[in-house]
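Read the structure below first, then the notes.
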2 protein chains.
Amino acid sequence: MAGAPRNTKQKQAVYEALTCLDHPTATQVYEYVHVGHPTLSRGTVFRVLGGFAANGQVRRVTLEGSDARFDHTLAPHAHGMCRVCGRICDIFLPDYEAIAKDARTDGFEIDGCEVEFTGICKECSEKMRRGAKEEYKEKYDERTQGKQDA
Amino acid sequence: MAGAPRNTKQKQAVYEALTCLDHPTATQVYEYVHVGHPTLSRGTVFRVLGGFAANGQVRRVTLEGSDARFDHTLAPHAHGMCRVCGRICDIFLPDYEAIAKDARTDGFEIDGCEVEFTGICKECSEKMRRGAKEEYKEKYDERTQGKQDA
DNA sequence: CTCTTATTAAGAATAAGTCTTGTTAAGGAG
DNA sequence: CTCCTTAACAAGACTTATTCTTAATAAGAG
């Protein structure tokens with residue numbers, strides 16, 4: 001009969017990496033699995049992650065100024081990117097569905113929604129509060145401004 | 001004294017392209033300006049667009065599965081990406097600021113918000129309504145699924 | 001065990017975006 | 001007008017995430 005998808009070691013390793021890492025990029029997944037599976041190739045990581053995303057097992061998240069990231073948390077939620085350290089946080093909205101309410105879409109039929117926040121994560125704002133403001137200002141500016149321009 | 005930024009022909013041409021094109025990528029801007037200014041280089045387009053984004057003259061928008069796009073509309077608004085044709089539409093929300101209200105941020109201090117909708121644009125849904133469903137189903141699937149995987 | 005076929009490893013290919021270097025030109029001073 | 005300083009530029013090399021190609025491998029059915 002028609003070939004069914006197979007649950008290979010490679011797929012299991014990639015999925016496990018997603019549960020251990022925090023919103024990793026494909027490259028971060030590759031580096032993680034490469035330790036335990038030295039022959040697992042970069043191309044396989046991209047292909048497997050793409051497959052997971054296509055069938056809804058994981059979410060592919062594209063954030064401003066960053067490579068694609070993969071999230072195994074399926075419940076609807078937004079993301080926050082820290083302007084200082086770049087970390088991605090999950091942010092849950094009480095009424096995610098309501099965002100599109102009363103939107104002036106001019107005929108566009110909405111069927112999905114992604115929300116990205118920017119700001120400063122808990123750890124960085126605590127560090128800033130106890131000094132080191134200069135250091136964080138630098139990183140903030142670096143991450144906030146265009147990269148090529150000073 | 002210190003050199004002031006200059007308003008050069010190149011910058012003017014790039015900005016004009018943004019007003020004529022609809023949410024273009026940097027490459028689309030380059031192709032547009034290249035007609036009237038054959039010597040205006042790719043690097044300059046990227047640098048100028050980055051500069052505009054850094055000082056807030058334009059918005060840089062990164063949407064799922066697409067290169068960075070540039071938007072000269074400064075009023076806060078969301079974007080909708082058509083799953084069939086890929087077009088980007090502006091979508092205005094009546095209360096953009098309210099989105100972060102009651103968000104469970106766990107210490108993340110929000111200072112900015114981007115909203116991306118997916119769906120089907122007016123033109124495509126009209127075309128689908130008068131037949132051609134097969135054709136559009138194909139494009140929809142192509143654009144929705146991972147690219148590498150079938 | 002054997003066959004079919006999905007899956008993989010390896011690495012070449014693509015393309016967005018960045019960076020470097022030598023050149024040009026805007027605009028102020030004389 | 002001419003000279004000088006420096007922002008801005010063109011050209012093209014470079015980087016790197018992602019995709020594609022091809023030949024080899026290994027699930028899983030029979």
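Protein chains get the first letters and strands the later ones, always in sequence-line order, with residue 1 at the start of each.
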Under 3.5 Å donor-acceptor pair, B:Arg6 side-chain atoms to D:dA8 base atoms: no
Quiz item: A:Arg42 side-chain donor-acceptor pair to D:dT19 base, under 3.5 Å: no
Whole angstroms only, please: what is the [atom1]-[atom2] distance between [X] and [N]?
| X | N | atom1 | atom2 | answer |
| --- | --- | --- | --- | --- |
| B:Arg69 | C:dA16 | CZ | P | 11 Å |
| A:Asp67 | C:dA15 | CG | C1' | 14 Å |
| A:Leu40 | C:dT8 | CG | C1' | 9 Å |
| B:Leu49 | C:dA16 | CG | P | 14 Å |
| B:Phe52 | D:dA8 | CZ | P | 11 Å |
| A:His37 | D:dT25 | NE2 | P | 18 Å |
| A:Phe70 | D:dA17 | CZ | C1' | 11 Å |
| A:Phe46 | D:dT18 | CZ | C1' | 5 Å |

Distance test, side-chain N/O of [X] to OP1/OP2 of [N], below 4.0 Å:
| X | N | result |
| --- | --- | --- |
| A:Thr8 | C:dT8 | yes |
| A:Gln10 | D:dA26 | no |
| B:Arg47 | D:dA8 | no |
| B:Thr44 | D:dC9 | no |

With a 4.0 Å cut-off, would you call [X] and [Y] a salt bridge?
| X | Y | result |
| --- | --- | --- |
| B:Glu109 | A:Arg129 | yes |
| B:Asp111 | A:Arg83 | yes |
| B:Glu64 | A:Arg69 | no |

Polar contact flag, side-chain donor to acceptor under 3.5 angstrom, B:Gln10-B:Thr44: no
Shortest side-chain distance from A:Lys9, nucleotide among D:dA27, D:dT18, C:dA16: D:dA27
Given D:dA17, C:dA16, D:dA8, the nucleotide with the shortest approach to the side chain of B:Lys11: D:dA8
Working for side-chain contact (heavy atoms from CB on, under 4.5 Å), residues B:Val45 and B:Tyr32: CA-CA 11 Å; B:Val45 171; B:Tyr32 183 91; over 6 Å; no
Given DNA chain C, 5'-ward residue of the pair B:Ala68 and A:Val45, judged by closest heavy atom: A:Val45
